[in-house]
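What follows is one structure encoded as structure tokens, with my remarks underneath.
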Amino acid sequence: MSFLRRRSAATPAGPDFDVLAMDPGDWPGNLGAGLLPAPDGSCQGVFLRYDLFGGRGPAMIIGNLPEGSPAREPGEGQVPFEVAQLLAALGNEEPVTVVETEDTPVMHDDNLLIVKRIKCSEGRISCAQFDRSDGVLVTIASWDRPITDDLYALLKPLPAEMFQQG
């Protein structure tokens, strides 16, 4: 994706990569963001939690994980980190596993994405992943809402100021 690039800053206060997600101003409800820090202080991932149910729990989590992030490699049959975070936020303690994966081509602006659709043992979860040209893995996990191709048109880089420390 040509419009994405690594950010350059002398001392980044947040991630040193663009975070691709939905603009929180475009959605009702609450938005939370979390950073996954490495022991050296670098950012190993950013997760945005969209609570579109009006305080009744999150509807979607979008994660951005750079190359080398340990959260990118779940064990065999285990769900992606974002799915686990979604289940924890919903208070769902039932074991959930990956049942099937399928690669699907999707257009985003002028770029072709190969989206991996992940089917989980919990049927109310939808999950999709794709790699960006800068090596960041984007994962979308939603609860009780299918992930349609229209959703990819809403994804865009968010301003770096959203992730500045205070």
Side-chain angles (χ1 to χ4, degrees), residues 1-38 40-72 74 79-90 104 106-118 125-166:
M1 299 173 83
S2 58
F3 64 89
L4 295 173
R5 76 262 175 235
R6 292 192 83 73
R7 291 190 179 138
S8 59
T11 313
D16 67 344
F17 53 89
D18 284 322
V19 175
L20 187 65
M22 294 179 296
D23 188 330
D26 293 345
W27 290 93
N30 302 321
L31 173 76
L35 301 177
L36 181 63
D40 66 359
S42 64
C43 180
Q44 293 297 302
V46 174
F47 303 92
L48 290 106
R49 174 180 151 171
Y50 296 87
D51 177 1
L52 306 178
F53 293 147
R56 291 179 284 143
M60 186 178 303
I61 292 183
I62 299 178
N64 288 250
L65 300 173
E67 291 174 330
S69 175
R72 285 178 69 135
V79 295
F81 185 78
E82 295 80 358
V83 172
Q85 292 296 305
L86 182 63
L87 290 168
L90 290 166
T104 308
V106 173
M107 289 302 292
H108 180 266
D109 293 331
D110 292 332
N111 300 292
L112 178 66
L113 302 177
I114 302 301
V115 174
K116 181 183 356 177
R117 297 191 186 276
I118 300 169
I125 294 175
S126 294
C127 183
Q129 292 181 321
F130 61 91
D131 285 307
R132 297 186 340 208
S133 61
D134 62 352
V136 173
L137 176 69
V138 176
T139 302
I140 305 167
S142 73
W143 178 257
D144 212 19
R145 293 170 185 247
I147 297 173
T148 64
D149 292 354
D150 296 343
L151 176 66
Y152 302 105
L154 301 173
L155 299 176
K156 55 187 151 191
L158 297 179
E161 298 77 43
M162 283 189 66
F163 306 101
Q164 301 280 320
Q165 293 180 350

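Because only heavy atoms are used, hydrogens play no part in the values below, and waters and symmetry mates are left out as well, while side chains stay in. Each residue takes its place number in the sequence, starting with 1.
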So which atom in [X] and which in [Y] form the shortest heavy-atom distance, rounded to 0.1 Å?
| X | Y | answer |
| --- | --- | --- |
| Arg145 | Ala59 | NE-CB, 3.8 Å |
| Leu86 | Met60 | CD1-N, 4.4 Å |
| Val19 | Pro15 | CG2-CG, 4.0 Å |
| Gln44 | Leu65 | O-CD2, 3.5 Å |
| Arg49 | Ala89 | NH1-CB, 3.6 Å |
| Phe17 | Gly45 | CZ-CA, 4.3 Å |

Quiz item: Going through the checks in order, is the side-chain contact (heavy atoms from CB on, under 4.5 Å) test met by Met22 and Leu31?
Solution: CA-CA 10 Å; Met22 294 179 296; Leu31 173 76; over 6 Å; no

At what distance, to the nearest 0.5 angstrom, does [atom1] of [X] lie from [atom2] of [Y]?
| X | Y | atom1 | atom2 | value |
| --- | --- | --- | --- | --- |
| Asp23 | Leu155 | CG | CG | 11.5 Å |
| Asp18 | Leu158 | CG | CG | 9.0 Å |
| Ile62 | Phe47 | CD1 | CZ | 12.0 Å |
| Glu82 | Ile125 | CD | CD1 | 12.0 Å |
| Leu48 | Asn64 | CG | CG | 7.0 Å |
| Met107 | Leu112 | CE | CG | 6.0 Å |

Quiz item: Would you call Asp131 and Arg72 a side-chain contact if the rule is heavy atoms closer than 4.5 Å?
Solution: yes

Exercise. Flag the pair Pro74 / Val79 as yes when at least one side-chain heavy-atom distance between them is below 4.5 Å, and no otherwise.
Key: no

Practice problem: Taking salt bridge (charged side-chain N to carboxylate O under 4.0 Å, His left out) as the test, write out the residues that go with Asp149, two or more places apart. | Solution: Arg117

Quiz prompt | Check against side-chain contact (heavy atoms from CB on, under 4.5 Å), Cys127 and Thr139 | solution = CA-CA 7 Å; Cys127 183; Thr139 302; 3.9 Å; yes

Practice problem: Using atom types as modelled and distance alone, determine if a side-chain donor or acceptor of Tyr152 lies under 3.5 Å from a backbone N or O of Leu113. | Solution: no

Exercise. Could you walk me through whether Phe130 and Leu20 pass side-chain contact (heavy atoms from CB on, under 4.5 Å), step by step?
Key: CA-CA 11 Å; Phe130 61 91; Leu20 187 65; 3.9 Å; yes

Quiz prompt | Stepwise side-chain contact (heavy atoms from CB on, under 4.5 Å) check, Leu36 with Ser69 | solution = CA-CA 9 Å; Leu36 181 63; Ser69 175; 4.1 Å; yes

